[in-house]
Structure formats: structure tokens, C-alpha cells
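Notes to accompany the following structure.
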Amino acid sequence: MLSRFFKYISVFIVSSLLLLAVDNVSSDFQIARVKYSGGGDWYNDPSAEENLLAYVRANTNISVKPEYTFTELSSPKLFEYPMIFLTGHGNLKFTEEEAENLHNYLINGGFLYVDDDYGLDPYIRKEMKKVFPEQEFVELPFSHGIYNCHYKFPQGPPKTHEHDDHNPKGFGLFHDGRLCVYYTFESNPSDGWADERVHNDNQKTRETALQFGTNIIVWALTN
């Protein structure tokens, strides 16, 4: 009985923190990069979030703080952010504590966007099973609202960078019908958010990637 009490208290605290974070969106919305263990380069292209948030500020009525920041999944700081972002090229590993904390974050209104920067796919699928053991990633139909909530993407995720000559795909995990994890594969829009000199993408490619990132933010904050 006592353990159940503490579980309810912890859920209440998580919910309260997320509500406070959402209340602050109007003045200082930020995306937190997920710092994970396992050897993957979680930190790559730190200009990506800054540029995306600057684009959102210029093209929507969402007030943002376009600065790079990060959080560990085990940290209470996680619950300060309505949206977090995870990317990299290779291995990652969640501890039991991190998986539980991420689970609580997501079921209480948080949103995780994952972008495979090439090589992340088998690892993110394995680790997210620790968070939602009963779920597998499902591909979202092109009619899903994330593809038309601000800019129109009738063919789904854009092909920002070529990896293995496969079509870009967007996958999701859900809680109570709400998309709480969105994952892009063979798409890599976050590379298009980075400073132009990093990947030498042309202006059209970068603009498309920034528009797509804007959709993700708008969807995360309104659903």
C-alpha cells in the first residue's frame, strides 16, 4: 500500500512539472537534446536546435528561446521541457532508471522526437522497448496531422540526406491514442537544420527540413 502511495505521488509530481513546462511555452519554449550513454554521438550538430527554433520564431506565433541545451533521461531537468530530441549515428543504451523516467515523462504529456542520423535504427528500437514493452514502432500514414499541421508534406517526411537509398519513413509510439514518440528513418531532417557549412545542403533542402521541424514542434505543442 505504501509503495502504491509513493507511485501516485511521483506521477502527480511528474504531471505538475510538465504542466508548469507547458505554461512556460508562451515565453521560452526550448528543445532539450537527450544525452545518452552507449557510445553514440548524441551531441552532434548542436546548431540544429538553435536554427530550428529561430525559424519557428520567425514563422509562427510560438515564443521560443533559440539556445542549445541538453538533459539526461535520469535527471529531474527532463520534466522542464515539453519536447526533447534524440539523434546520433550508432549505439545508445538506457538504464532501467532512464527508461522508467522517460516512460513517466511521455505518459504525462511529454514528446520525444528521434531522428536517425544513420546507424541509430536497431538501437533505438531495442531501447524504446524498455520504455513501452508492449509496443512496436508503427509507420504513420501520410494523412497524419503531423504532416499538415502547419506546412504540407503530402508524401510524409522529406529526404534531407541519402543513407541507403530507401524511402524516408516516419514512425510513432502512442499513449492513450496520443503520439508521444515520433521517429524519422532514412530522412534525417535535423541535418538540414544545422548551419549551412556543416553539411553544405542547398537552400531548398534546408528550408524544407526547417519547415518539417516546425511541423513537429507545432504538433507536439498542440496535441
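- To the nearest 0.5 angstrom, E97 atom CD is 9.5 Å from S75 atom OG.
- Heavy atoms of other residues, nucleotides or ligands lying less than 6.0 angstrom from NZ of K152 number more than 12.
- With D28 contributing its side chain and V64 its backbone, the two residues share no donor-acceptor pair below 3.5 Å.
- For the pair Q155/F142, a side-chain contact is recorded, criterion being any heavy-atom separation below 4.5 Å from C-beta on.
- At distances below 3.5 Å, at least one donor-acceptor pair connects side-chain atoms of N202 with backbone N or O atoms of T205.
- Between the side chains of N51 and D195, at least one donor N or O sits under 3.5 Å from an acceptor N or O.
- N188 contributes no side-chain N or O that, together with a main-chain N or O of H161, makes up a donor-acceptor pair within less than 3.5 Å.
- The aromatic rings of Y147 and H144 lie perpendicular to each other, with more than 60° between the two planes, well past the 30° mark.
- Side-chain N or O atoms of N59 include none that pairs as donor or acceptor with a backbone N or O of V56 at under 3.5 Å.
- Side-chain contact between F94 and S37 is absent, with no heavy atoms from C-beta onward closer than 4.5 Å.
- Summarising the geometry of Q30 relative to K65, their closest heavy-atom pair is CG-O, 3.3 Å, with the distance given to 0.1 Å.
- F153 and F212 have their aromatic ring centers within a separation under 6.0 angstrom.
- Judged as a ring pair (Phe, Tyr, Trp, His ring centres under 6.0 Å), and not counting sequence neighbours, H150 has no contacts.
- A cation-pi arrangement, defined by a distance under 6.0 Å to the six-membered ring centre and an angle within 45 degrees of its axis, is present between R125 and F171.
- A donor-acceptor contact shorter than 3.5 Å links the side chain of T214 to the backbone of L210.
- Across all non-hydrogen atoms, the minimal contact from T160 to G192 is CG2-N, 3.8 Å.
- A distance-only check finds no donor-acceptor pair linking the side chain of N91 to the backbone of G40 [under 3.5 Å].
- Atom SG of C180 is separated from atom CG of L173 by 6.5 Å, given to the nearest 0.5 angstrom.
- A heavy-atom distance below 4.5 Å is found between the side chains of Y113 and P189.
- Between atom CG of residue D121 and atom CD of residue E186 there is a gap of 8.5 Å, rounded to the nearest 0.5 Å.
- The backbone N or O of Y43 sits nowhere less than 3.5 Å from a side-chain atom of K35 that would complete a donor-acceptor pair.
- Below 30°, between 30° and 60°, or above 60°: for F85 and W193 the angle between ring planes is between 30° and 60°, a tilted geometry.
- Put simply, the side chain of L92 reaches to within 4.5 Å of the side chain of E127, judged on heavy atoms.
- Rounded to the nearest 0.5 angstrom, E72 CD and N101 CG are separated by 11.0 Å.
- Between F111 and the options I84, L179, L106, a side-chain contact (heavy atoms from CB on, under 4.5 Å) holds for only L179.
- When each of Y182, F174, Y183 is paired with F137, the ring-ring contact (aromatic ring centres under 6.0 Å, His included) condition holds for Y183 and for no other.
- With hydrogens and angles ignored, the 3.5 Å screen pairs a side-chain donor or acceptor of K159 with a backbone N or O of H166.
- Under a cut-off of 6.0 angstrom, the local environment of CD in Q211 is crowded, with over 12 non-hydrogen atoms contributed by other residues, nucleotides or ligands.
- In this structure the side chain of H89 never reaches within 4.5 angstrom of the side chain of L120, judged on heavy atoms.
- In this structure R178 satisfies the salt bridge (charged side-chain N to carboxylate O under 4.0 Å, His left out) test with no other residue, sequence neighbours excluded.
- The side-chain heavy atoms of P158 and P168, taken from C-beta on, include no pair separated by under 4.5 Å.
- Side chain of N104 to backbone of I107: no donor-acceptor contact under 3.5 angstrom is found.
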*Would you check, one step at a time, whether the test side chain to side chain contact (heavy atoms under 4.5 Å, CB included) holds for D116 with I124?*
CA-CA 9 Å; D116 178 21; I124 191 63; over 6 Å; no
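- Cation-pi contact between K77 and F70: present, with separation from the ring centre below 6.0 Å and deviation from the ring axis of at most 45°.
- Side-chain contact check for D164 versus Y118: some heavy-atom pair is nearer than 4.5 Å.
- At a threshold of 4.0 Å, the pair E49-R33 counts as salt-bridged, since one of the basic side-chain nitrogens sits closer than that to a carboxylate oxygen.
- Looking only at distances, a side-chain donor or acceptor of N223 sits under 3.5 Å from a matching main-chain atom of W219.
- The number of heavy atoms from other shown groups lying within 6.0 Å of NZ (K130) is above 12.
- In the hydrophobic clustering of ILVMFWY residues, with side-chain heavy atoms under 4.5 Å counting as a link, I62 and Y151 come out together.
- Test T87, V198, D117 against D191 for side-chain contact (heavy atoms from CB on, under 4.5 Å) and you get one pass: D117.
- Taken from CG in N215 to SG in C149, the straight-line distance is 4.0 Å, to the nearest 0.5 Å.
- You'll find the side chain of E98 stays beyond 4.5 Å of the side chain of V131, heavy atoms only.
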